[in-house]
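What follows is a short report on a single structure.
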Amino acid sequence: MMKSKADEEEYWNSSKFKAFTFDDEDDEFSGLKESKRAVNSIRPLVEEDDDDDDVEKVSWSGEPVGSISWSVRETAASNQRTDREPTFPKINTDTTTISKSNSGYSLSSLFKGKSKGGTFQSLTDTLSDSSVRLYAPELRKPKSEYKDYVSDWSPEETVQRMQQGKAVSLEKFRSRQDKLLLLDSAVSAHDGNVITAVLIFLKRTLSKDLVLECVSEVLFGELESRETALRHLIQYLTETRDNRTLLELLRALGRTEDVALLQYKEHLSISDENKRRDFLKSCLNLPFSAEDSAHVQDHYTLLERQIIIEATDRQAERGGNVEIFKKFPRRASILNMPLVTTLYYCCFYHYTESEGMYSSPLNIRQTFKIPEKQYFVTALSARAKLKAWSDVDALFTSRNWLGFTRKKSPLNFQRVVDILQKNSAPTQVLKDYVALVDDADVRISLAQKHKCHDIVINTYRDLKDRQLLLGYRVKVERGSAEERKIDELISNPQMRWKN
């Protein structure tokens, strides 16, 4: 049966549902109004809880609020909260009769934010109320993790946990004896990272004198194991550049030579050469070992001489009257250079000076007792760099007691040829020294490399190897003097060839 139009309009107007329209309507606002109406409809039901006769006030543990047992429990819980982190209260499951209390708060007021007096409290006021906060448990870390920080670990257990990479607190080791036991355990574990960590803890917590006394006691108590701890502490102080503490530590241990060396190293931070020279002079009286004392003396003497040479050569270079400084300008200062570099410099710029001059290579060799081989290599490199081949030849020339001259070298002549070749020595110069190489195979190889054909031919002749000589004939230039020499040797009937 079809409904009339009037009936349909009455149905839609009376129903809580509406028909679909294309009119703009704020659905969210409508939903909000519906929610508001629903809340207002249940408000009377909730407000009925205000009556004390309709609700019973209990604590979270299930005990009557305001009772003697509740007061004792809450007092103990308040005292414990000052010492440790609060925990969840244990819920009593016993079915006991819950009596009423005279507390000013009910369960409904806690959720509504309304006190017994009827006045509503804000959420902030409710949360800030100390009596309310007593009932709210706080979440905390798991017991196993919380134990890592507060448990009374022994020194051995503490070291073991440090080795495992777990977080531990060393602050519980407060007495000196406890800290020494902790250090003993770290040394016994043979773990350098743990030893260093414990030493840093000792250095931070103990007074300066007590740290030194502690380390001394550790060192002399058990030499082998404690020596390891000492080395780690010295290494740590060295890497952190805590020179002051390190000096005091070494003095307390009676290691005077180490103290002297540490003070000597301070010259590296002095940039002015005159101040550095004066500082090195003051170090001469420090208690070095015999060998170290000689090195410090040489260092002071070398720097003093470098200052004199540098001032003289700088003035000569500015004057422009010295030929060698015009042809080969200095590229850097000689100050603070090593001894070998200073010798090379003097062999390069002051080779012909008399031995009485500070800058004379012979004077430097005599003063610093430079070995013959070291002096020979340095002088050869410097003179070959200058292409002073007459000076190079004079280095090798020696006379015997009969007055005969011969070439002699403290170096292997193969090394001599390499030095000359690196400095672009001509073939004629190389030939004289290639011929002095003792080993025949090496001599032939060097002669072929540097195209010293006469040396190769003479070596094959001395070996009486006709086949090698014939094979080398095809390598020389046709019609050259070397080819004619090979032909003469091969056709010589007096030669006794081995093949």
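What you are looking at is a predicted structure, and each value in this text was computed from that prediction instead of being measured.
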Do any pairs count as a salt bridge (Lys or Arg N to Asp or Glu O under 4.0 Å) and have a residue in residues 259-272, sequence neighbours left out, and if so which ones?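 Those involving residues 259-272 do not exist here.
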
Any side-chain heavy-atom pair from I364 and L339 closer than 4.5 angstrom?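 A side-chain contact under 4.5 Å exists here.
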
Under the side chain to side chain contact (heavy atoms under 4.5 Å, CB included) test, residues paired with H299 that sit two or more places apart: Y264, H267, L280

Please identify each residue that fulfils side chain to side chain donor-acceptor pair (under 3.5 Å) with R365, with sequence neighbours left out.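 Side chain to side chain donor-acceptor pair (under 3.5 Å) list for R365, sorted by chain: empty.
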
I'd like to know whether V417 forms a side-chain contact (heavy atoms from CB on, under 4.5 Å) with H450, so could you lay out the CA-CA distance, the side-chain angles of the two residues, the decisive distance to 0.1 Å, and finally the verdict. CA-CA 10 Å; V417 173; H450 299 294; 3.8 Å; yes

Residues in ring pair (Phe, Tyr, Trp, His ring centres under 6.0 Å) contact with F328, at least two apart in sequence or another chain: F348

Residues in ring pair (Phe, Tyr, Trp, His ring centres under 6.0 Å) with F376, at least two apart?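 In terms of ring pair (Phe, Tyr, Trp, His ring centres under 6.0 Å), with neighbours along the sequence ignored, F376 is linked to F396.
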
Taking atom types as modelled, find out whether Q235 and E239 have a side-chain donor-acceptor pair closer than 3.5 angstrom.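 There is such a pair (donor and acceptor under 3.5 Å, judged by atom type) between the side chains of Q235 and E239.
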
D438 backbone acceptor or donor facing R443 side chain under 3.5 Å: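 Yes, R443 side chain to D438 backbone: donor-acceptor pair under 3.5 Å.
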
Hey, does the side chain of S360 reach the backbone of G356 with a donor-acceptor pair shorter than 3.5 angstrom? no

Is there any side-chain hydrogen bond (donor to acceptor under 3.5 Å, both in side chains) pair reaching into residues 333-351, and which pairs are they, with sequence neighbours excluded? R276-N336, Q306-T342, E310-S333, D313-Y345, D313-H350, R330-Y345, H350-E353

Counting neighbours of CD on E157 that are heavy atoms of other residues, nucleotides or ligands and sit closer than 6.0 Å, is the number greater than 12?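 Count over threshold, so yes.
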
